[in-house]
2 protein chains.
Amino acid sequence: MARQGRTRKETGAEETGATGAAASPRPANTPRTGRRVTSYDVAREAGVSQSAVSRCFAAGASIAPATRERVLEVARRLGYAPNALAQGLISGRTNLVALLITSLTNRNYPEVLAELTRRLTDRDIRVLLFTLNAESEVDSALDQLWRHSVDGAISAAHLSDDQLRLFAQHRVPLVLYNRVADGMPAASVSCDSVAGERELVGRLLAAGHRRFGIVAGPEDSYVGEDRRRAALARLEEAGITGVPVVRGDFSYESGAEGLQALMAQDGKLEAVICVNDMMAIGAIDAARDRFGRTLPDDLSIVGFDGSGPASWSSYRVTSIRQPVRRMTEAAVSMLVERIEDEKATVERRLFAGELIEGRSARLG
Amino acid sequence: MARQGRTRKETGAEETGATGAAASPRPANTPRTGRRVTSYDVAREAGVSQSAVSRCFAAGASIAPATRERVLEVARRLGYAPNALAQGLISGRTNLVALLITSLTNRNYPEVLAELTRRLTDRDIRVLLFTLNAESEVDSALDQLWRHSVDGAISAAHLSDDQLRLFAQHRVPLVLYNRVADGMPAASVSCDSVAGERELVGRLLAAGHRRFGIVAGPEDSYVGEDRRRAALARLEEAGITGVPVVRGDFSYESGAEGLQALMAQDGKLEAVICVNDMMAIGAIDAARDRFGRTLPDDLSIVGFDGSGPASWSSYRVTSIRQPVRRMTEAAVSMLVERIEDEKATVERRLFAGELIEGRSARLG
DNA sequence: CTGTTAGCGCTTTCAA
DNA sequence: TTGAAAGCGCTAACAG
């Protein structure tokens, strides 16, 4: 009965298709484009049942090699490929992973998105991308996540505890990238900001710097705050307190302005700690242009990240390089593991950064 | 009968859900997470039919305000949202658009992806992202496109005529970004490379430069080749021929190497035309570091794009800025138009770039 | 305005 | 190994 209804409908659709195709001229031998080719079409043509066709496209389904061969041949000829929506609807697996990233992060570290996407694609997983411009956009992005039944998500954007809880409620595996949850257990991959910043500051101290300034990030940035605190803590251990701190937004411009603000507070500044490379670059340019300083003789400036432009010969920023490749690989493999095994233990992986000596600071 | 089967199944699933939820401890008042909430759940709870629930989430469906209110209230309480897979499967609309971009493009112009995604999101369209690393990855990306029934696609990656034809066959509206199809009619949005490059070269000529060198892009880059040809043509009009051309890959490093290669060919080079800013920046650094040149006095270097770092004070690259915002807006609105109206005429929109005078070249 | 009904295209038991 | 049948969650006619 269901079959009959289906058959009737198919005929109707085919007519529509033919009409549509006729409207836009096409060579007579190109495939008909009117309606999507379904597994029923392939089944009919190959003289097997629809479920047999389905099995041919499923890994490890029991199907006779000869049948399989024949079906795949027909499928290829008709240009058939399983409909991902139908597959996802019935199997509960979409092979779709959501990537949440702030547009700021993407602007400063485009390689993160590229690497994550590449590694996911390598594992035959598609990417549903959400670039967030404001905190407020997270909720609507999450709403779409649930609707699209993604198999998992990687977030390089800030999520509140409530939002993290939603992932658990919806049973969507999640891996945080370069941020850890405050009060919740959540899988994450990050670069060790504390250790990196401590090393950097330690080396600045060893070189004899005593008058410091910090260009921090926005208050809601996890990595920014982590680095700021680590730097301040390390300085305090060395008996240096009352260090001026200004905040930027991780951009070049804010780095330049940050340096200017610090110089206004202390014209005899010896070392400036920027919590990311982009701001360090802005600070370097400002130090040269606006204050005529020569680095690293007159002033030391350090950054963090090891992003592309930091290594350009005009800057050679002294910094901590994040192992982006290893981190993205870890994020993806952790996520896949959690998708495969719902009970996988929550793991936080912390990667050490590598100190880049550069030429923008005197190190001890 | 179908109803009965469904009901039976629901009960079973609910039990599974409860068990699963019990396994991971949760406060007793948080919603049950075991099974997806469906429109049937909402319907039952609100005392209406399933289709009534569906109507509440459809724009402009006829539903009594009172009913709507009640249903939405229940939906909110149960945390219900329509399943995008099921919606797409039956309606033929997924509100999903594919974005094809090479990882190179994304690395050099991260704002393009961010802007496109933002504008699509603003129109309630989700983005399926494909970052391509090699030409060979296009076909498998396209295969996934068809499977996922995207409503349309924007490509900032190179597509062959055959590949373009597939879009027509599959009836997937497509807009090309910064590239036009060779032999096919295809909607596209681009920045006018020819006009921009001509203006730039014209100004260099007006300033008296006569010994030129060109750092071109890869042969398979549409924009790169367009700019190279435009520059050469304009020079030839001025009676300048035999201009040395070297090729880079749009990266900083290749720009530096390009400059070095050109200098090796002609040590008295007066002006270097780089087909993008990243290479111009590399060339500028190389000219300063490796050849001790001062710009723009000893040498003029121009780029193209107006990308972020080009405006940093260490470079101030003389360049042509692409109107990225207007271009991405145009691409998205053209695509939406083509999705809405299958018969929309194929349109090629060309945007003029803006000359940025910068400090890296003497202009006349 | 509302409910009933028939599928969208597929995977997955279950028998044969 | 294969086919029949059920149904994933939803929209869209169509009655009423």
Side-chain H-bond candidate by donor/acceptor type, [X] with [Y], under 3.5 Å:
| X | Y | answer |
| --- | --- | --- |
| A:Thr131 | A:Asn106 | no |
| A:Gln163 | A:Ser160 | yes |
| A:Ser51 | A:Ser54 | no |

Worksheet entry | Distance-only donor-acceptor test (3.5 Å): side chain B:Ser51, base D:dT11 |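 For B:Ser51, whose side chain was compared with the base of D:dT11, there is no donor-acceptor pair (under 3.5 Å).
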Worksheet item: Is any side-chain N or O of A:Arg147 under 3.5 Å from a base N or O of D:dG9, one able to act as donor and the other as acceptor?
Response: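 In this structure, the two groups form no donor-acceptor pair.
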In whole angstrom, give the distance that lies between atom [atom1] of [X] and atom [atom2] of [N].
| X | N | atom1 | atom2 | result |
| --- | --- | --- | --- | --- |
| A:Leu85 | D:dC8 | CG | P | 17 Å |
| B:Tyr40 | D:dC10 | OH | P | 9 Å |
| A:Asn83 | D:dG9 | CG | P | 16 Å |
| A:Phe57 | C:dG9 | CZ | P | 15 Å |
| A:Arg44 | C:dG9 | CZ | C1' | 14 Å |
| A:His148 | D:dG9 | NE2 | P | 16 Å |
| A:Arg93 | C:dC10 | CZ | C1' | 16 Å |

Fill in: Salt-bridge criterion met for B:Asp143 and B:Arg147 (N-O under 4.0 Å)
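Looking at B:Arg147 together with B:Asp143, the answer is yes, because their closest N to O distance falls below 4.0 Å.
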Could you check which of [options] has an atom nearest any side-chain atom of [X]?
| X | options | value |
| --- | --- | --- |
| A:Ala86 | C:dT2, C:dC10, C:dG3 | C:dC10 |
| A:Ser39 | D:dC10, C:dC10, D:dT1 | C:dC10 |
| A:Gln50 | D:dG7, D:dA5, C:dT2 | D:dA5 |
| B:Val48 | D:dC10, C:dC1, C:dG3 | C:dG3 |
| A:Leu89 | C:dG3, D:dC8, D:dT1 | D:dC8 |
| A:Arg55 | C:dT2, C:dC14, D:dC8 | C:dC14 |
| A:Ser54 | C:dT12, D:dT11, C:dG9 | C:dT12 |

Fill in: Partner of A:Glu45 by salt bridge (charged side-chain N to carboxylate O under 4.0 Å, His left out), out of A:Arg77, A:Arg76, A:Arg70
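Exactly one candidate clears the test, A:Arg77.
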Item to complete: Keeping the roles fixed (side chain from A:Asp151, backbone from A:Asn95), state whether a donor-acceptor pair exists under 3.5 Å.
Response: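 Confirmed, A:Asp151 side chain pairs with A:Asn95 backbone.
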Worksheet item: Relative to the 5' end of DNA chain C, which residue comes earlier, B:Pro65 or A:Ala58, by the nucleotide with the nearest heavy atom?
Response: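 Counting from the 5' end, the first nearest nucleotide belongs to B:Pro65.
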Discussion item. Would you say the rings of B:Phe167 and B:Trp146 are close, in the sense that their centroids are separated by under 6.0 Å?
Written reply: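 Between B:Trp146 and B:Phe167, the centre distance is under 6.0 Å.
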Can you see if the side chain of [X] gets near the phosphate of [N] - specifically, an N or O under 4.0 Å from OP1 or OP2?
| X | N | value |
| --- | --- | --- |
| A:Ser91 | C:dT11 | no |
| B:Ser49 | C:dG3 | yes |
| B:Gln87 | D:dT11 | yes |
| B:Tyr80 | D:dC10 | yes |

Worksheet entry | Contact nearer the 5' end of DNA chain D, comparing A:Ile90 with B:Val53 |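 Taking each residue's closest nucleotide, the earlier one in sequence belongs to A:Ile90.
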Worksheet item: Using a heavy-atom distance cut-off of less than 4.0 Å, which residues of residues 69-76 of chain B contact DNA chain C?
Response: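 When residues 69-76 of chain B is checked for heavy atoms under 4.0 Å from DNA chain C, there are no hits whatsoever.
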Practice prompt. Output all residues satisfying side-chain hydrogen bond (donor to acceptor under 3.5 Å, both in side chains) with B:Ser39, sequence neighbours left out; order by chain, then residue number.
Written response: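 Listed in chain order: B:Gln50.
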